[in-house]
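Here the structure comes first, spelled out in structure tokens, and everything after it is commentary.
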Amino acid sequence: MKRRGLLALATGAGLVALPVGAMAQAYPAKPITVIVPFAAGGPTDALARILCQRMGEALGQQMIVENVGGAGGTIGVAKAARAAPDGYTLAFTHMGTLAVNIALYKSLPYDSQKDFEPIGLGGTNPMVLVAKKDLPAKTFPEFLAYVKANEKKVQYGMAGIGAASHLGGLMLNSMMKVNVLEIPYKGTGPALNDLVSGQFDYMVDQAVNVLPQIQGGNIKALGVSTLKRLPQLPDVPTIDEAGLKGYEVTIWNGFFAPKGTSKEVVAKLNQALLAALGDEKVRARLTELAVALPTTEDATPEALRAQLKASIDKWVPAVQAAGVKPE
Ligand code: ASP
């Protein structure tokens, strides 16, 4: 009798529930590492830092960004997938690495839908087609004509296979019907530096990264990737209106924890994200950088899971139809 009672206690819900509950209450007891799967100084990094700063305040622990760039973000995302599911290692990444990539790699080192617990959406980003300052094209139609006439020598920059800048560039090139040499970087932060110094010709990247350089006159904006013009760039046409009907690419970012992270921890992290997204200073900064902020409903873990699924359903066939062969 006695023995059975003890066993029941040891395996029963009561005993198991107590330490888990106590652990969640104490969480976070130390700084949290947030893997950004691209180089420092790029858009994913910039957004992660803005959000993590405020989320850390809400959690009472620092959230430290770790940049793990390479292979279009797959190296960093794989590292996050394999981390202990204890809430102390997360990923802040985008739909390129989790959805688009499925069409672009023969085998990925993670399963986006099975290996993560979504925490919440960080924001949605428009992209901008930017070119080096001295590219001899001032408008989108001139750009189109120039690239077609110089297809063999023109080069475009991107942050590796499956990066957002790759998606933006490959859809553009496919619709322009050109095959242009791509120059891969570990992130569009370093790529942007090279565009400013004229090392390659053009790139499609998130507005958050390129706006300051456009506004400073160091690169030129030839089109935006949304169906509406951006208030920050009122004179820049949409790529759709300028000649490539139907071109539309926006990039969402979100926080993900390794599979098996407890519901309590996910809920705490989501609360911290909501605190950041509700903060006036954070909102003002992100709005200035053209980031569309999610509503409270769109920032739930369930909404991010649905968003991921919708992006896979949308982009995998679209990329396949563009004729890009998986690596
Ligand atoms: N988000 C960028 C891209 O996917 C990379 C970066 O954040 O540096 O192209």
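When reading the values below, keep in mind they use all heavy atoms of this one structure, side chains included, and skip hydrogens, waters and symmetry mates. Start at 1 and go down the list; that is how both ligands and their atoms are numbered.
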**Prompt:** So does Glu288 pair up with Arg285, basic N to acidic O under 4.0 Å?
**Reply:** yes
**Which residues share a ring pair (Phe, Tyr, Trp, His ring centres under 6.0 Å) with Phe143, sequence neighbours left out** = Phe140, Tyr202
**Asked** Between Glu182 and Tyr156, does any side-chain donor sit less than 3.5 Å from a side-chain acceptor?
**Response** yes
**Message:** Using a 4.0 Å cut-off on heavy atoms, what residues surround ligand 1? Order them by chain and number.
**Reply:** Phe38, Gly42, Pro43, Thr44, His94, Ala159, Ala163, Ala164, Ser165, Gly187, Thr188, Gln206
**Request:** Output yes when Lys132 and Asp201 qualify as a salt bridge under the 4.0 Å nitrogen-oxygen rule, no when they do not.
**Result:** yes
**All ring pair (Phe, Tyr, Trp, His ring centres under 6.0 Å) counterparts of Tyr88, not counting sequence neighbours** = Tyr27
**Item:** Within residues 158-192 or reaching into it, pairs that qualify as ring pair (Phe, Tyr, Trp, His ring centres under 6.0 Å) - sequence neighbours excluded
**Value:** Tyr185-Phe200
